[in-house]
J.: 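If you scroll down you'll find the structure; I have some questions about it.
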Amino acid sequence: MKQSVLYVPTLKEAPSNAEVKSHRLLARAGLIKQTAAGVYTYLPLGIRVMQKIERIIREEHDARGCSEMLMPALQPRDLWEESGRWDDYGPALMRLKDRKERDFCLGPTHEEVITAIVRDYIDSYKKLPLALYQIQTKFRDELRPRFGLMRGREFVMKDLYTFSTDEADLDRWYATMMTAYTEIFRRSGLETKIVASDTGEIGGDQAHEFMVLSEVGEDTITYCDTCDYAANQEYSALSEGDSCPHCEGTIKTAKGIEVGNIFKLGTKYSESMNAFFTDADGQRKPLVMGCYGIGVSRTLMAAVEQHSTEDSILWPDSITPFDVHIVPLKGNEDLGRRLHDRLATQHEVLLDDRDERPGVKFKDADLIGIPWRIILGKSTKEGKAEVVNRRNDEVQLVPIDDLEVYLSGQ
RNA sequence: CGGGAAGUAGCUUAGCUUGGUAGAGCGCUUGGUUUGGGGCCAAGAGGUCGCAGGUUCAAAUCCUGUCUUCCCGACCA
């Protein structure tokens, strides 16, 4: 891909309304552009990263028997009246009317729609269990959107809904998805902690959140510095400095960004929305549901927060928008194009074919954060390129003819 | 919704106290020069000073209203 045609509007200075590091970098590196408060455009580089994250999510879900679908963002009032949430959800529900004055909302979540869909077909235990997910834009009219992609009014979310015959099957799905989420965030290069969280009216320890430790997080979590114990501070009896009840470790507190949650819904929606099936013993029973969310756009932001300095992103290999950044300096333009075409058969390659001075190209390359950089400069006279491994800033002079071999060995 | 701050060119901003022809840097265009870390020189283009009303001979500047954005709080499946 040629940088000259990709639209990568990098900025020397951050927009004045960008408060946190990841927001500044996402804007400066040309990944996102604000359109309104809490509403962002994902530019070409931004959407590439988001699609990488989505691919990991899809792989981990599909491998566990979940099926992807796509539900509407626009939802009729009737469905929300059925569940009682037209009144209960409150002002965060984006409401609108069509030209005939009928009420709709823009979906903040999809329990109503999915329940209405499956109830018409699922009439027997023989058709269960079922796990359906989508990756979709959600709408919530937040009182105060903040920190770029952290809390938006429009954001991208993966939401999965499971339908089971009983609690035991729900428990299995819950455990399966806890594993899946652990794998998704690990593969995305994010360090997360799993914390028990509030379950509202359902009670018990049936909800967990996946938190990325970060200064800009909105939640405070308490965790053990030795074992896996972690909890949302609101629901933890422990505080900083206490000794861990599960091991010899010490309790610490930190801010966290909630990037995922898993939640046992039970029969709340199936009962209120009349989603029943007939069990093997002939009994009519409500579907037992679970819901599982991942904030995809928020994960993108958390990744930048965790993998950057003030002037430079450094993408994990699994979600980087490109693998290799070719930076030809003056006189090496043709060589750059040829090398791009060669390497592009094996790698995702970005070629900085702009007519810019070296300093401009280097600064932009630092910002954008592609892990491998190939500089075509002085050493091309000896048939060599400089290969920079951004992870450790090691520079290797590699014969241009050997670059495929060199990169495949890394 | 309470508290605070801010809207001036694509971006960052000066000017506002004390009213009098709207400035700079970056970016952009043209020419020259330069070419390994956001060069330099020259010339140029680009502005309803968020919007509306008011005060005044005269408003970016003072007053009122309104919209937008950001921060703190409350809220957050």
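Below, chain A is the first sequence line, B the second, and so on; all start at residue 1. Values reported hereafter were calculated over all heavy atoms of this structure, with side chains retained and with hydrogens, waters and symmetry mates removed. Since the model is a prediction, treat every value here as computed from it, not as a measurement.
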J.: Who passes salt bridge (Lys or Arg N to Asp or Glu O under 4.0 Å) against R172(A), sequence neighbours left out?
T.: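 Expected list: D169(A).
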J.: Reading RNA chain B 5' to 3', what string of ( ), [ ], | and . shows its pairs, if Watson-Crick and G-U wobble pairs count only when both distances fall under 3.5 Å?
T.: (((((((..((((......[..)))).((((((.....)))))).....(((((..]....))))))))))))....
J.: So which of residues 1-12 of chain A are in contact with RNA chain B, with a heavy-atom cut-off of under 4.0 Å?
T.: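 Contacts with RNA chain B under 4.0 Å: K12(A).
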J.: Decide yes or no, distance alone: a donor-acceptor N/O pair under 3.5 angstrom between the base of G2(B) and the side-chain of R144(A).
T.: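 Such a pair does not exist between side chain and base.
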J.: Under the rule for salt bridge (Lys or Arg N to Asp or Glu O under 4.0 Å), what residues qualify as partners of E81(A), not counting sequence neighbours?
T.: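 Scan of E81(A) (salt bridge (Lys or Arg N to Asp or Glu O under 4.0 Å), adjacent residues dropped) gives R77(A).
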J.: Please report the distance separating the C1' of C49(B) from the corresponding atom of A59(B), rounded so that it comes out in whole Å.
T.: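 After rounding to an integer number of Å, I get 11 Å for this pair.
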J.: Name all residues meeting the salt bridge (Lys or Arg N to Asp or Glu O under 4.0 Å) criterion together with R187(A); count only those two or more places apart in sequence or in a different chain, and write none if there are none.
T.: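 R187(A) satisfies salt bridge (Lys or Arg N to Asp or Glu O under 4.0 Å) with E59(A), E60(A) once adjacent residues are dropped.
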J.: Does P9(A) have any side chain to side chain contact (heavy atoms under 4.5 Å, CB included) partners at least two apart in sequence or in another chain, and if so, which?
T.: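 Listed in chain order: Y7(A), L43(A).
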J.: Could you check whether R95(A) makes a cation-pi contact with W86(A), meaning its NZ or CZ is under 6.0 Å from the centre of the six-membered ring and within 45° of the ring axis?
T.: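 Cation-pi check for R95(A) and W86(A): passes.
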J.: Does OP1 or OP2 of C71(B) have a side-chain N or O of R151(A) closer than 4.0 Å?
T.: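 So the side chain of R151(A) is outside the cut-off, no N or O lying under 4.0 Å from OP1 or OP2 of C71(B).
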J.: Looking only at atom C1', what distance separates C51(B) and U69(B), rounded to whole Å?
T.: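 Roughly 15 Å separates the two C1' atoms.
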J.: Between C1' on G10(B) and CZ on R28(A), what's the gap in Å once rounded to a whole number?
T.: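 In whole Å, G10(B) C1' and R28(A) CZ are 16 Å from each other.
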J.: List, with names and distances, any nitrogen or oxygen atoms from the protein found under 3.5 Å away from nitrogen or oxygen atoms belonging to nucleotides 43-46 of chain B.
T.:
none

J.: Can you tell me, in whole Å, how much space there is between the C1' of G27(B) and that of G20(B)?
T.: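 Per the computed distance, 32 Å lies between those C1' atoms.
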J.: Using a cut-off of 4.0 Å on non-hydrogen atoms, how would the nucleic acid contact of A37(A) be classed: base, sugar-phosphate, or nothing?
T.: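 If one applies the 4.0 Å heavy-atom cut-off, A37(A) turns out to touch the sugar-phosphate alone, with no base involved.
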J.: Please check if the side chain of R390(A) supplies one atom and the backbone of R373(A) the other of a donor-acceptor pair under 3.5 Å.
T.: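 Pair absent, no side-chain N/O of R390(A) close to backbone of R373(A).
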J.: Using atom CG of L43(A) as one end and atom P of C11(B) as the other, report the distance to the nearest whole Å.
T.: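 About 14 Å, once rounded to whole Å.
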J.: Who are the ring-ring contact (aromatic ring centres under 6.0 Å, His included) partners of W80(A), not counting sequence neighbours?
T.: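 For W80(A) the ring-ring contact (aromatic ring centres under 6.0 Å, His included) partners, ignoring immediate neighbours, are Y89(A).
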J.: For the rings on H23(A) and F147(A), is their centre-to-centre separation under 6.0 Å?
T.: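 Not under 6.0 Å, so no.
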J.: Grab the CD-C1' distance between Q34(A) and U68(B) for me, whole Å please.
T.: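 Atom CD in Q34(A) sits about 11 Å away from atom C1' in U68(B).
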J.: Take Q34(A) and N17(A) through the test side-chain hydrogen bond (donor to acceptor under 3.5 Å, both in side chains) and record every step on the way to the result.
T.: CA-CA 10 Å; Q34(A) 182 168 1; N17(A) 63 9; 3.1 Å; yes
J.: In whole angstrom, what separates K255(A)'s NZ from C72(B)'s P?
T.: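 Roughly 10 Å, once rounded to whole Å.
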J.: Taking the same atom, C1', in U21(B) and in U61(B), what whole-Å distance lies between them?
T.: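 Their C1' atoms lie roughly 15 Å apart.
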J.: Answer yes or no on whether K127(A) is positioned over the face of Y121(A), meaning its NZ or CZ is under 6.0 Å from the six-membered ring centre and within 45° of the axis.
T.: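 Here K127(A) passes the 6.0 Å and 45° test against Y121(A).
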J.: What does K378(A) touch in the nucleic acid at a heavy-atom separation under 4.0 angstrom: a base, only the sugar-phosphate, or nothing?
T.: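 Since a base atom lies under 4.0 Å of K378(A), the category is base.
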J.: Whole-Å distance between G36(B) P and D366(A) CG?
T.: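 About 17 Å, once rounded to whole Å.
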J.: What does the list of N/O pairs under 3.5 Å between the protein and nucleotides 29-35 of chain B look like, with a distance for each?
T.:
unit_1 : atom_1 : unit_2  : atom_2 : d
U34(B) : O2     : R357(A) : NH1    : 2.7

J.: On a whole-Å scale, what distance lies between the C1' atoms belonging to G53(B) and C71(B)?
T.: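 Nearest-Å result for G53(B) against C71(B) at atom C1': 30 Å.
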J.: Atom CE of M94(A) and atom P of C75(B): how far apart are they, to the nearest Å?
T.: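 Going from CE in M94(A) over to P in C75(B) covers 20 Å.
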J.: What nucleic acid atoms does D364(A) come within less than 4.0 Å of, heavy atoms only: base, sugar-phosphate, or nothing?
T.: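 Answer is base: heavy atoms of D364(A) come under 4.0 Å of a base.
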J.: Mind checking what makes salt bridge (Lys or Arg N to Asp or Glu O under 4.0 Å) contact with R85(A), not counting sequence neighbours?
T.: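 Expected list: E111(A), E112(A).
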J.: In whole angstroms, how far is the P atom of G37(B) from the CG atom of L376(A)?
T.: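 Atom-to-atom, L376(A) to G37(B), this comes out as 17 Å.
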J.: Distance under 6.0 Å and angle within 45° of the ring axis: does R48(A) meet both against F322(A)?
T.: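 Pair R48(A)/F322(A) counts as cation-pi.
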J.: Can you name the side chain to side chain contact (heavy atoms under 4.5 Å, CB included) partners of P286(A), sequence neighbours left out?
T.: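 Counting only residues at least two positions away or on another chain, P286(A) forms a side chain to side chain contact (heavy atoms under 4.5 Å, CB included) with T267(A), S270(A), E271(A), F276(A).
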J.: Could you list the donor-acceptor pairs under 3.5 angstrom formed by side chains in residues 210-225 of chain A, with sequence neighbours left out?
T.:
unit_1  : atom_1 : unit_2  : atom_2 : d
S214(A) : OG     : V216(A) : N      : 3.2
E218(A) : OE1    : R151(A) : NE     : 3.1
E218(A) : OE1    : R151(A) : NH2    : 3.1
E218(A) : OE2    : R146(A) : NE     : 3.0
E218(A) : OE2    : R151(A) : NE     : 3.3
T220(A) : OG1    : K255(A) : NZ     : 3.2
T222(A) : OG1    : A231(A) : O      : 3.4
T222(A) : OG1    : S236(A) : OG     : 3.1
D225(A) : OD1    : T250(A) : N      : 3.0

J.: Okay, side chain of Q134(A), backbone of M71(A): is any donor-acceptor separation there less than 3.5 Å?
T.: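 Such a contact is found between Q134(A) side chain and M71(A) backbone.
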J.: Does the side chain of R146(A) get closer than 4.0 angstrom to OP1 or OP2 of U69(B) through an N or O atom?
T.: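 Answer is no, no contact under 4.0 Å.
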J.: Could you give the CG-to-P distance, from D355(A) to G39(B), as a whole number of Å?
T.: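 D355(A) atom CG is separated from G39(B) atom P by 13 Å.
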